Amino acid sequence: MGDTTLSIGAVSYGIAAVAFVLLTGLLVSGWRGKFQGALLAAAAGVTALWAGLSAYASAAAGALSAFADLLEIARDGLWLLFLWRLLVSRALSEDIPTHQRMKRWFGFVTFVFAVIFITTLALHTHLLAFSAQGTFITVIIGRVVLAVIGLALVEQLYRNAPEAQRWAIKYFCLGLGALFAYDFYLYSDAMLFRVADAGIWSARGFINALVVPLIAVSAARNPHWSLDVHVSRRVVFHSAALFGAGAYLLVMAGVGYYIRLFGGNWGGVLQVAFLFGAAVILLAVLFSGALRARLKVFLSKHFFNYKYDYREEWLRFTHTLSAGEPGLKLRQRSLQAVAELVDSPAAALWVEEAGVFRQVAQWNLPALSDIEDEHCSLCRFLAERQWVVNLKEYANEPDIYGELRLPVWMSSLPRAWLVTPLILHEQLMGFIVLTESRSPREFNWEDSDLLKTAGRQVAVYLAQIQATESLVQARQFESFNRLSTYVVHDLKNIVAQLSLLLANAQKHKHNPEFQEDMLTTVDNAAQRMTRLLAQLRTGYQSAQQATGVDLISLLERLMKEKAHFRPVPQLTAPSQPVWVIADKERLSRVLGHLVQNAIEATPETGAVSVVLETQDENARITVQDNGRGMDEEFMREKLFRPFETTKITGMGIGAYECREYVRELRGEIHVTSHVNLGTTFTVTLPQRRSVAQEEKEQSPMQGATGA
């Protein structure tokens, strides 16, 4: 029985030694000069040496067991040192709260204690006989303490790792935690019964061997641990296929045995028929190209490092998109950014416009005038499947792409290689044709995913370009429409003024005063028309210049122009001039609009008054009538909105222009109105002194300076 136990222990620890030797070899061959990588390789190497020496001790009936004990302590110490290093490096690289930083210091203190304990224990084990009962208990207690410390450090490492980073260390924590947990179980049992259980001790080698894959997976997920595993994808593919086929055959054999056992007289026949059918299905599956392709993609995605460094690729892609002068060759930069992902030297862009796709940009490719309808075979395929079309693959295996038919002009593009869809909100807004890479390159699922993602990003970018261009055009039209609106509004007022003049001409044409007013009105209309023509040539705002304006003179001229209207507006003004800084003609138009509205809203028997007064440093013009008035809802929601009016022939722009210009002058406009009682508009403007007054005040100072 003892020999059997020893042989099992030798095999168990021998397997562990081989597993850790392989892990050490991978770590050393992939070492990149990082301290953590060297520490991990040292821990794996010492573990391999310990396992090998333990296997020899088992086979040789205890020979060199003391050295194996010393190597076990060294193994534990190196794993504890590696855990502590991970904790310290994480604490230094992150902004960790105080209570978590205290946990790091706890780990440091624990490690110092472990080092001191390991040193003392090593000397004690080396100097005293292992068979002494007291020494045995001391050693066992020390091993239990080391296992507890290891479990505590593993728990601290996993608990304090950010949620997004736990996937990279979870298998390492699971494996190393299992190793320390098994040690705790082994030595706790030995401490309880004063003797180590042979079965538990022999199985320990298998447990250590099972930990190796978990450590290897975590090392592969942490590049700074210096493990970069390169295994042939073909070998993994065939191994996975053979493993799957073997598992399938085992299951089918079990089902066949069950059928034969419980099938009665038909059991043998049913078993043979079932196994034959299972074999046919297996062969059909193994020869399925679609299944092989899916298996390759699955293995590549889940068992190998990625082909690209996506962080670097995306930074370069974004930099290319945003480089250069703003607004210059934006579509060409989009083509260049996508082409550089697969080392393509040239590309062309097609974008949907009014239901057809036409070439709008090219990079190192000739321009094509061919267009494609949105219902063509290529556009429908890209919109429905959202695949990247590999033209080489299409030429060799067209069945993969179903009923796709390429347009004729595709053959005129030199070395056309890939067609990448541009998808926005699950709709096809365009596509990019890329030429062959500068060097031979295999196109796989990873290239396809990268190009599809980049295509979506470019689609968003191009949509922003289109939206910006549309906004610029809309603003240009808005500026033109605003100018046209103001001009038409002024023309309407001029036409209304001349129409009223003609209406009164039949009755008062022999009256000399009317004739004089008529000439004045026509002259005023001619001047306003001249100014409108100047505004159309130079722009609405550029023709306006702010100067000093005397409000009394402006209002007196305005009253004279409105004298032939009924009711005739009455002006009340102070004797001294009141000056403001404004464009004289525009301010006259604004105040004239308020007076004209008051006249039109008031019956001929009513009254319209205009009052000018000064208050502090402001000039206040009040236009009041007792006409039909306005309700609160109209004043609140429609009065100052453009194109809202209560007049049949009005344009609804006058009140809006009044408010906007008064605000430009840093003034205020207020209105109060009651239905059938009248309306009062109050315009408040900052008051300014005249230029003559300023020069008069400055001249004595200049004379004194000259003297």
Side-chain angles (χ1 to χ4, degrees), residues 305-353 357-368 370 372 378-379 381-383 385-394 409-410 413-472:
N305 291 333
Y306 290 126
K307 180 178 179 180
Y308 295 97
D309 184 344
Y310 288 100
R311 176 179 174 275
E312 293 295 333
E313 294 295 335
W314 211 247
L315 286 175
R316 185 177 65 176
F317 177 80
T318 306
H319 178 266
T320 305
L321 278 179
S322 59
E325 299 180 14
L328 183 62
K329 298 182 178 180
L330 301 176
R331 295 179 176 85
Q332 285 80 357
R333 289 209 300 270
S334 301
L335 290 174
Q336 182 181 356
V338 175
E340 287 178 348
L341 293 175
V342 290
D343 294 328
S344 175
L349 171 65
W350 276 257
V351 173
E352 187 270 337
E353 295 178 355
F357 290 81
R358 65 180 73 251
Q359 190 185 85
V360 297
Q362 57 277 338
W363 180 59
N364 299 333
L365 274 181
L368 295 179
D370 301 82
E372 286 296 318
L378 176 62
C379 298
F381 180 85
L382 294 176
R385 297 289 188 88
Q386 300 182 6
W387 284 8
V388 175
V389 179
N390 185 346
L391 299 180
K392 289 184 178 180
E393 185 180 54
Y394 176 83
W409 55 261
M410 190 72 73
L413 288 175
R415 303 182 66 192
W417 179 32
L418 302 172
V419 182
T420 302
L422 306 180
I423 305 297
L424 181 66
H425 303 307
E426 303 306 318
Q427 299 293 325
L428 180 69
M429 72 166 298
F431 56 88
I432 295 175
V433 178
L434 302 172
T435 61
E436 292 182 19
S437 176
R438 296 179 176 88
S439 59
R441 184 188 185 102
E442 182 183 357
F443 186 81
N444 60 12
W445 65 268
E446 200 169 354
D447 300 294
S448 178
D449 286 351
L450 181 63
L451 286 178
K452 286 192 292 186
T453 304
R456 288 182 176 270
Q457 183 68 22
V458 168
V460 175
Y461 186 69
L462 294 178
Q464 291 178 344
I465 294 175
Q466 293 178 352
T468 301
E469 292 175 349
S470 300
L471 181 60
V472 170

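A quick note: this is a predicted structure, and the numbers were derived from the prediction, not measured.
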**Request:** Start with the C-alpha distance between Glu313 and Leu341, add both sets of side-chain angles, then the distance that settles side-chain contact (heavy atoms from CB on, under 4.5 Å), and finish with yes or no.
**Result:** CA-CA 7 Å; Glu313 294 295 335; Leu341 293 175; 3.6 Å; yes
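- For Ala367, the side chain to side chain contact (heavy atoms under 4.5 Å, CB included) criterion is met by Gln359, Gln362, not counting sequence neighbours.
- Remark: side-chain polar atoms of Asn364 are paired, donor with acceptor, to backbone N or O of Pro345 under 3.5 angstrom.
- The two atoms that bring Trp417 and Thr435 nearest to each other are CE3-O, 3.3 Å, heavy atoms only.
- Shown here for Glu353 and Arg358, the closest heavy-atom pair between the two residues is OE1-CD, 3.2 Å.
- Using a 4.5 Å heavy-atom cutoff, the side chains of Asn390 and Val419 are not in contact.
- The distance from atom CG of Leu335 to atom CG of Leu434, rounded to the nearest 0.5 Å, is 8.0 Å.
- Using a 4.0 Å cut-off between charged side-chain N and carboxylate O, Lys392 and Glu436 make a salt bridge.
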**Message:** I'd like to know whether Val433 forms a side-chain contact (heavy atoms from CB on, under 4.5 Å) with Met410, so could you lay out the CA-CA distance, the side-chain angles of the two residues, the decisive distance to 0.1 Å, and finally the verdict.
**Reply:** CA-CA 9 Å; Val433 178; Met410 190 72 73; 4.1 Å; yes
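- Between Leu450 and Val342, the closest side-chain pair of non-hydrogen atoms is not below 4.5 Å.
- Here the shortest heavy-atom pairing between Leu321 and Gln457 reads CD1-CG, 4.4 Å.
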**Prompt:** How far apart are the C-alpha atoms of Gln332 and Gln336, what are their side-chain angles, what is the distance that settles it, and do they pass the side chain to side chain donor-acceptor pair (under 3.5 Å) test?
**Reply:** CA-CA 6 Å; Gln332 285 80 357; Gln336 182 181 356; over 6 Å; no
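- Expressed to the nearest 0.5 Å, how far CD of Glu372 lies from CD of Glu352 amounts to 13.0 Å.
- Nearest heavy-atom pair across Leu424 and Ala463 is CD2-CB, 3.5 Å.
- Between atom OG1 of residue Thr453 and atom CH2 of residue Trp314 there is a gap of 6.0 Å, rounded to the nearest 0.5 Å.
- Looking at heavy atoms from C-beta onward, Trp350 lies out of side-chain contact with Ile432 at the 4.5 angstrom threshold.
- Between Leu418 and Ser344, the closest side-chain pair of non-hydrogen atoms is not below 4.5 Å.
- Taken to the nearest 0.5 Å, the CG atom of Leu330 stands 10.5 Å off from the CD atom of Gln464.
- Minimum interatomic distance between Thr320 and Arg333 (heavy atoms only, all atoms of both residues): O-CD, 3.5 Å.
- Without hydrogens or angle criteria, Asp447 side chain to Asn444 main chain gives a donor-acceptor distance under 3.5 Å.
- Note: Trp387 and Phe381 have perpendicular aromatic rings, judged against thresholds of 30 and 60 degrees for the angle between ring planes.
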**Request:** Would you please test Phe357 and Leu378 for side-chain contact (heavy atoms from CB on, under 4.5 Å) and show each step?
**Result:** CA-CA 11 Å; Phe357 290 81; Leu378 176 62; over 6 Å; no
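- Between Val351 and Phe431 there is no side-chain heavy-atom pair separated by less than 4.5 Å.
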**Asked** After noting the C-alpha distance and the side-chain angles of Val458 and Phe317, does the key distance pass the side-chain contact (heavy atoms from CB on, under 4.5 Å) rule?
**Response** CA-CA 10 Å; Val458 168; Phe317 177 80; 3.7 Å; yes
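- Considering all non-hydrogen atoms of both residues, Thr420 and Leu451 come closest at CG2-O, 3.5 Å.
- The shortest side-chain heavy-atom distance between Leu422 and Arg456 does not fall under the 4.5 Å cut-off.
- Using a 4.5 Å heavy-atom threshold, the side chains of Arg331 and Tyr461 count as separate.
- Between Leu349 and Trp363, every side-chain heavy-atom pair lies at or beyond the 4.5 Å cut-off.
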